[in-house]
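Take a look at the structure set out below.
Both ligands and their constituent atoms are indexed starting at 1 by order of listing. Only a predicted model underlies this, so the values are computations on that prediction, with no experimental measurement involved.
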Amino acid sequence: MTDLNTTVYYDDDADRSYIDDKTVAVLGYGSQGHAHSQNLADSGVDVIVGLREDSSSRAAAEADGLRVETPADAAAEADIVSVLVPDTVQPAVFEEIKDGLDAGDTLQFAHGFNIHYNQIRPPEDVDVTMVAPKSPGHLVRRNYEAGQGTPGLVAVYQDETGEARDEAFAYAHAIGCTRAGVIETTFREETETDLFGEQAVLCGGMTALVREGFETLVDAGYSPEMAYFECLNELKLIVDLMYEGGLSNMWDSVSDTAEYGGLTRGDRIIDEHAREQMEEVLEEVQDGTFAREWIAENQAGRPSYTQLKHAEETHEVEEVGAPLRDLFSWADEGDEAEAAEAAADD
Ligand code: NAD
Ligand code: MG
C-alpha cells in the first residue's frame, strides 16, 4: 500500500483549548446544523442555535436541550459563528448577523461557495474558516454518539488572529471529525471539487447514465420493470462494492462475463466526448460561470430548476420505480433518519 500524499490529522493533532472556553453560534438546525450543535454541546462547548422566530426547527433544537436565539442575537453573543443554513440563504443571513461579528471572532462554513464566489464579503478583522464533515449530518451525529467520527476537511480563508487554523482543528475535534481523520484544503479546492463532483459524476452524471440506460432498454421493447432493476436498483450493489474496496473490489465481485463486458464497453459509453464535456463543466465551475448562473436562477425564482425538477420527477423510471421500491421497503431501515431530517426542515 502506498502512503497518502496528504497529511491526515487526528485527535492528538488538535488542541481543544482553542474552543473549550468559547461560545459557538450554530446558524440553522438542518442536516449539518443539528449534528454540529449537539456534538459540540456533548463535547462541553457552549452552543447557541440561531434560528428565526418563526422557524419550525426551534422546537426540535429546544427539545434537544439547546439554547435558541435569533441568528443576530446568537452571532452577537458568540465567538465562533458556524453558518449552516442552506448555501442559497447564507448571503441574506450574513446581512442579519454581520453587525454582531466582533474583531477576532470567527465566521465558519461547511462549504466554500459563498466565500469563494464573493457572495459573502466578511469584515477584515475576523477569522474565516471551514470545517466540513464529508457526510450528511445524520451520520455526523450518529457516528459521534457511537464513539466514532466522520472524516472531514479543514480550511482557512482569513487568519486575523493567528489562531484560525488551531481553532478550526479544535472545532473539528469537538464535532468528532478528528476521530476519523481530517485533511487540510482551501476554500477554492473544496468548492470547485465539490461542485464538479456533484455535477459530472455523483448527481448529474449518474442520473443521466441511469436515465439513458433505462430509456435504451425500454425503447428496444424491454419491460420498464426489468430496465429499472438493471439500470437503477442494482447500482447500489455496485456502488457499495466500490465504496468498500475500490474499483478492483467491484470487478472481483461480479462475474467474469460482467467484468469483461464492462472493461471492454465502459469507455465506449463515457468516451472522449464525455471527457471533453467534463472538462468544460470544470471550466464553468472554475471561471464562475456556473456560480453566476445559479445565483441568477435563484434571483429569478428558480424557473429552470423548477422545470427540470418536474421533468425528472415525472420520468418513466420514477413512475415504475415507486411501486417496485415498495417491494424492498423491509431493507430501508437506515433511511428513516433521513426522512425525519427532511421533515424537520423549514
Ligand atoms: P439544510 O438544508 O439541511 O438545513 C438548513 C437549515 O437552515 C434548516 O433546517 C433551517 O433550520 C435553516 N433555514 C432554512 N431556510 C432558512 C432561511 N430562509 N433563513 C434562515 N434559516 C433557514 O442545510 P445543510 O444541508 O445542513 O447545509 C448547511 C451547510 O452545510 C451548507 O453550506 C452545505 O453546503 C454544507 N454541507 C452540507 C452537507 C450535507 O450533507 N447536507 C455536507 C457537507 C457540508
Ligand atoms: Mg460576536
Counting only heavy atoms closer than 4.0 Å, does ligand 1 sit against the backbone of [X], its side chain, both, or neither?
| X | answer |
| --- | --- |
| Ala110 | both |
| Pro133 | backbone |
| Lys134 | neither |

Relative to the heavy atoms of [X], which atoms of ligand 1 are at a distance of less than 4.0 Å?
| X | answer |
| --- | --- |
| Pro136 | 40 (O) |
| Leu51 | 11 (O) |
| Leu84 | 5 (C), 28 (C) |

* Step through the shown structure and confirm whether more than 12 heavy atoms of other residues, nucleotides or ligands are within 6.0 Å of CD on Gln307. => no

* Take Asp127 and Thr129, measure what side-chain hydrogen bond (donor to acceptor under 3.5 Å, both in side chains) needs, and give me the verdict at the end. => CA-CA 6 Å; Asp127 291 346; Thr129 61; over 6 Å; no

* Nearest heavy atom to atom 22 (C) of ligand 1 wins, so pick from Arg52, Gln32, His111. => Arg52

* To do: Closest by any non-hydrogen atom to atom 17 (C) of ligand 1: pick that one out of Val89, Val83, Leu27.
  => Val89

* Asked: Of all residues at least two apart in sequence or in a different chain, which pass the side chain to side chain contact (heavy atoms under 4.5 Å, CB included) check with Glu163?
  -> Tyr18, Lys22, Thr161

* For Ser55, is at least one N or O under 3.5 Å away from an N or O on ligand 1? -> no

* To do: Answer yes or no: does an N/O atom from Val93 fall short of 3.5 Å to an N/O atom of ligand 1?
  => no

* Asked: Are any of the heavy atoms in Gln90 under 4.0 Å away from ligand 1?
  -> yes

* Is the closest heavy atom of Ala132 to ligand 1 under 4.0 Å? -> no

* Asked: Among the clusters formed by ILVMFWY side chains lying less than 4.5 Å apart, do Ile80 and Ile48 turn up in the same one?
  -> no

* Asked: Parallel, tilted or perpendicular for Phe187 and Tyr157, by the 30°/60° rule?
  -> tilted

* For the pair Arg188 and Glu192, find out whether any cationic side-chain nitrogen is under 4.0 Å from an anionic carboxylate oxygen. => yes

* Would you call Asp42 and Arg141 a salt bridge, taking side-chain N to carboxylate O under 4.0 Å as the test? -> yes

* Is Arg179 positioned over the aromatic face of Tyr144, cation under 6.0 angstrom from the ring centre and no more than 45 degrees off axis? -> yes

